[in-house]
Amino acid sequence: MPARLQDKTSACLDRVMRALTTRIGMYAVLGALLVACVIAAVQSHVVVRGLEETSALVKDNRLSQSRLATLDILNLTLLSSRAEMDGRFSPENARTFEEVTERLVMRVDRISDTQGDASLYSIKNTAMLVLHRLLKVSRDATAAGYPDLDALAEEVDRTGHASMSYLRSFLEVNEEQSHLALEAQLDAAKRQQTAAMITPVFLTLFGGLVLILLRREILERRALIKAERHIEYLAYFDAMTNLPNRAQFTEKIEVLLKESCCVALLYIDLDDFKGINDTFGHAAGDAVLCHVGKILQRYAEKADGFAARLGGDEFAVVVPDNNIDRLMGLCDGILADVGQPFIHEHELIEPGLSIGLATTTQINAHARTTLDMLSRVTDFALYESKDNGRRRVTVYDQDMEQRFRDRRSMLEELPLAIENGDLLVYLQPKVTLSNGVIFGFEALVRWNRNGAIVSPGDFIGLAEESGLVIDIDSYVLNRATELVSDWNQENDTRFSVSVNLSAHHFTSSRVLERVEDALWQSRLPSDLLILEITETVEMRDWDQASRVILGLKDQGVKIAIDDFGAGFSSLAYLRAIMAHELKIDRTLVDELETSEKARVLLRSVLDIAHNLDLEVTVEGIETPEQADIVYKLGAEQGQGYLYGRPEPALDMLAKATKVQKAKTA
Ligand code: C2E
Ligand code: MG
Ligand code: MG
């Protein structure tokens with residue numbers, strides 16, 4: 001059979017089987033079989049009834065009686081004709097004899113007519129045979145001038161008797177035969193009836209059984225096909241977001257890398273996805289993944305590429321393009337859309353993404369780039385995005401690998417640095433803007449790494465990722481409070497100290513003990529300790545965070561909200577924390593001199609802060625002009641290179657004391 005026809009036939013068969021094996025199909029087939037069964041039963045019943053009636057007739061001897069009546073009539077007629085012949089048979093009476101036989105014929109005719117039974121034809125024929133023989137004898141006798149009436153009579157008698165016995169035996173045999181035939185027919189009909197009853201029932205049951213088995217088989221086959229398809233789907237798609245999974249991503253990008261020399265790869269990680277899960281629950285986490293997946297797919301498709309979920313909170317976007325400006329536009333769009341507040345079951349979630357971006361042309365402009373190469377450098381870019389504060393895109397550059405290696409080795413060395421006392425506390429002054437007097441310091445950590453001083457920007461991110469930040473903060477807290485307290489006691493000063501606390505502290509209450517210990521050990525008055533916290537996703541478990549903050553306030557320490565305006569802050573957060581101080585990020589200060597908009601923005605923030613009874617410290621003041629504007633806009637406190645860069649604690653304390661004494665002298 002040609003393949004196409006075979007396909008068509010099997011498709012057709014499949015359709016029929018499907019139709020048959022639906023419940024309705026099965027009921028229809030079984031119904032049809034049952035109807036056929038009933039019709040066959042009724043038909044065979046009718047046949048049997050007919051045969052039974054006939055058989056009853058035979059049994060009642062009604063037929064044989066009628067036949068016997070016929071015989072009697074014949075017999076009588078023959079006897080009478082013999083009497084006639086006996087008495088008056090002569091050649092002259094031949095005519096009369098003929099008349100008699102004709103009468104007899106007529107009577108026989110009448111008998112058969114009145115009986116109206118086809119089976120009597122045989123009787124009639126036999127009678128006719130006898131009559132004709134008689135007639136012939138009479139004619140022959142007449143013709144031959146038969147003189148011996150006795151002989152004739154004997155002849156007739158013998159012939160008549162022979163005929164009669166023949167007739168009788170014929171009828172008996174016939175009757176018996178017909179009776180037997182009828183019985184046989186009846187038996188056959190009964191057997192047929194039984195068959196007619198049993199066969200369709202059997203067929204129906206058998207057909208039903210076959211259909212049930214067939215249906216089970218087909219359903220199982222369909223379930224198997226469905227399961228196979230599902231397995232196939234799972235092998236290539238991520239079931240939650242419906243995006244291609246890592247396997248499909250690998251296949252697709254490898255094809256693209258073979259076909260095109262301009263491919264961009266974006267590795268995308270959700271910022272603090274664990275925090276979202278812990279704070280809002282796993283259902284919310286799943287919803288965020290789906291939401292982000294849709295956004296990525298939309299942007300990828302717009303750029304003729306595709307998005308994939310590589311696992312956990314890791315995504316990828318692949319685009320056949322190497323124009324960095326266009327790609328940055330795409331990344332900015334993604335960051336903006338994902339950054340939009342997302343509501344899940346009345347909870348407001350603000351997911352953030354870190355993106356690493358690399359193109360094949362950046363790596364290897366002339367030869368073919370492998371997925372391994374592209375993937376590796378894109379990973380570096382992604383790590384850097386995360387380290388640099390997240391919610392950002394980083395484009396791969398050549399030095400990244402070195403920086404990445406440095407970071408890895410830093411991460412390995414950092415625990416030892418804490419143990420060996422290689423972490424240093426630097427202090428940066430905080431001043432009252434009206435008179436420039438230093439009233440306190442911010443403690444900023446530095447790492448003396450083999451003689452080179454490393455800024456916190458290079459390792460705090462790593463420390464946060466690894467959890468080491470808790471130990472670093474504890475160290476700085478103890479050291480800073482000790483240094484400032486000792487200095488205050490020894491020099492009769494009352495400097496305050498601000499210590500940065502990572503949001504990691506707010507997921508447990510252990511920070512309360514740590515702060516209490518630091519105050520107790522250093523004997524610094526608690527109102528001289530300010531704890532700076534930055535809003536991050538970890539802080540969104542408000543219940544937990546506010547429990548910790550209340551505990552800290554109970555100890556008499558002050559709370560400052562750090563880096564306000566740097567992109568993470570929200571008014572809800574401001575209200576919920578009820579801090580003492582608001583530190584305005586230097587990004588709001590940078591453009592103060594040139595931008596009216598920046599001034600309006602700063603004024604609004606100051607208004608809000610004052611309405612909430614917050615002291616305001618403006619960070620990053622570098623020029624007297626900035627200081628002037630900030631002061632005029634209503635800020636009370638300032639911090640920045642204008643008043644002093646961060647310096648080793650004792651140097652800064654000495655310097656500040658000197659300046660303060662000079663100012664107050
Ligand atoms: P921060 O808490 O906002 O600290 C202020 C940062 O701004 C400091 O950077 C400081 O040197 C810098 N700065 C101050 N005035 C100026 C200025 O006029 N111009 C410019 N360009 N920069 C200025 P640093 O010391 O590099 O610290 C960076 C960040 O690292 C800190 O930002 C803080 O978030 C974090 N950090 C520092 N020490 C610690 C620590 O002990 N624990 C934790 N968890 N984070 C820390
Ligand atoms: Mg700070
Ligand atoms: Mg700050």
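One-based numbering, in listed order, for ligands and for the atoms of each. Starting from 1, each residue takes its place in the sequence as its number. Fair warning: this is a prediction, and the values are worked out from it, not measured in the lab.
- Using a 4.0 Å cut-off between charged nitrogen and carboxylate oxygen, Lys274 and Asp278 count as a salt-bridge pair.
- For Asp585, no heavy-atom contact with ligand 1 is shorter than 4.0 Å.
- Protein heavy atoms are found less than 4.0 angstrom from atom 5 (C) of ligand 1.
- For atom 7 (O) of ligand 1, the nearest protein heavy atom (residue, atom name, distance) is Arg586 NE, 4.1 Å.
- The proximity of Ile472 to ligand 1, defined as any non-hydrogen pair under 4.0 Å, does not occur for either the backbone or the side chain.
- Of the possible polar contacts, one joining the Ser485 side chain to the Ser522 backbone as a donor-acceptor pair under 3.5 Å is found.
- Closest protein heavy atom to atom 3 (O) of ligand 1: Asp563 OD1, 3.0 Å.
- The nearest protein heavy atom to atom 9 (O) of ligand 1 is not closer than 4.0 Å.
- For ligand 1, one of its N or O atoms has an N or O atom of Asp562 under 3.5 Å away.
- Heavy-atom neighbours of Tyr631 OH from other residues, nucleotides or ligands within 6.0 Å: at or below the threshold of 12.
- Between Lys632 and Asp628 a salt bridge is recorded (basic side-chain N to carboxylate O distance below 4.0 Å).
- Selection from Arg479, Lys583, Glu622, Arg645 by nearest heavy atom to atom 20 (C) of ligand 1 gives Glu622.
- Ligand 1 has no nitrogen or oxygen under 3.5 angstrom from a nitrogen or oxygen of Pro456.
- Taking all heavy atoms of Thr623, Leu423, Asp473 into account, the minimum distance to atom 40 (C) of ligand 1 is reached by Asp473.
- Leu444 CD2, 4.2 Å is the protein heavy atom nearest to atom 31 (C) of ligand 1.
- Listed here is the closest heavy atom pair of Gly620 and Val589: O-CG1, 3.9 Å.
- Proximity of a side-chain donor or acceptor of Ser455 to a complementary backbone N or O of Asp458 within less than 3.5 Å is not detected.
- Here Lys583 pairs with Glu619 in a salt bridge; the nearest charged N to carboxylate O distance falls below 4.0 Å.
- Ligand 1 is approached by Ser502 to a heavy-atom distance shorter than 4.0 Å.
- We find that Glu442 and Lys430 are not joined by a salt bridge, their nearest charged nitrogen and carboxylate oxygen being 4.0 Å or further apart.
- Of all the heavy atoms in Tyr299 and Leu330, the pair that sits closest is O-CD1, 3.7 Å.
- The proximity of Gln639 to ligand 1, defined as any non-hydrogen pair under 4.0 Å, does not occur for either the backbone or the side chain.
- Of all the atoms in ligand 1, the ones that sit under 4.0 Å from a non-hydrogen atom of Gln428 are 10 (C), 14 (C), 15 (N).
- A cation-pi contact, defined as under 6.0 Å to the ring centre and within 45° of the axis, is absent between Arg246 and Phe249.
- A salt bridge between Glu581 and Lys558 is absent, with no side-chain N of the basic residue lying under 4.0 Å from a carboxylate O of the acidic one.
- The atoms of ligand 1 that sit less than 4.0 Å from any heavy atom of Val445 are 38 (N), 39 (C), 40 (C), 41 (O).
- Under the 30°/60° scheme for interplanar angles, the aromatic rings of Tyr383 and Phe380 are found to be tilted.
- Among protein heavy atoms, the minimum distance from atom 16 (C) of ligand 1 is reached at Tyr641 CE2, 3.4 Å.
- Protein nitrogen, oxygen and sulfur atoms, that is N, O or S, within less than 2.8 Å of the Mg ion (ligand 3) amount to 4.
- Electrostatic pairing of Asp337 and Arg298 counts as a salt bridge here, judged by a charged N lying under 4.0 Å from a carboxylate O.
- Between the side chain of Thr493 and the backbone N or O of Phe495, no donor-acceptor pair lies under 3.5 Å.
- Side chain of Thr394 to backbone of Leu382: no donor-acceptor contact under 3.5 angstrom is found.
- Looking at Asn500 against ligand 1, both its backbone and its side chain come within 4.0 Å, counting heavy atoms.
- Of all the atoms in ligand 1, the ones that sit under 4.0 Å from a non-hydrogen atom of Glu442 are 1 (P), 2 (O), 4 (O).
- Considering only non-hydrogen protein atoms, atom 11 (O) of ligand 1 sits nearest to Pro646 CG, 3.3 Å.
- A salt bridge links Glu413 with Arg449: the closest approach of a Lys/Arg side-chain nitrogen to an acidic carboxylate oxygen falls below 4.0 angstrom.
- Distances below 4.0 Å separate heavy atoms of Val476 from the following atoms of ligand 1: 41 (O).
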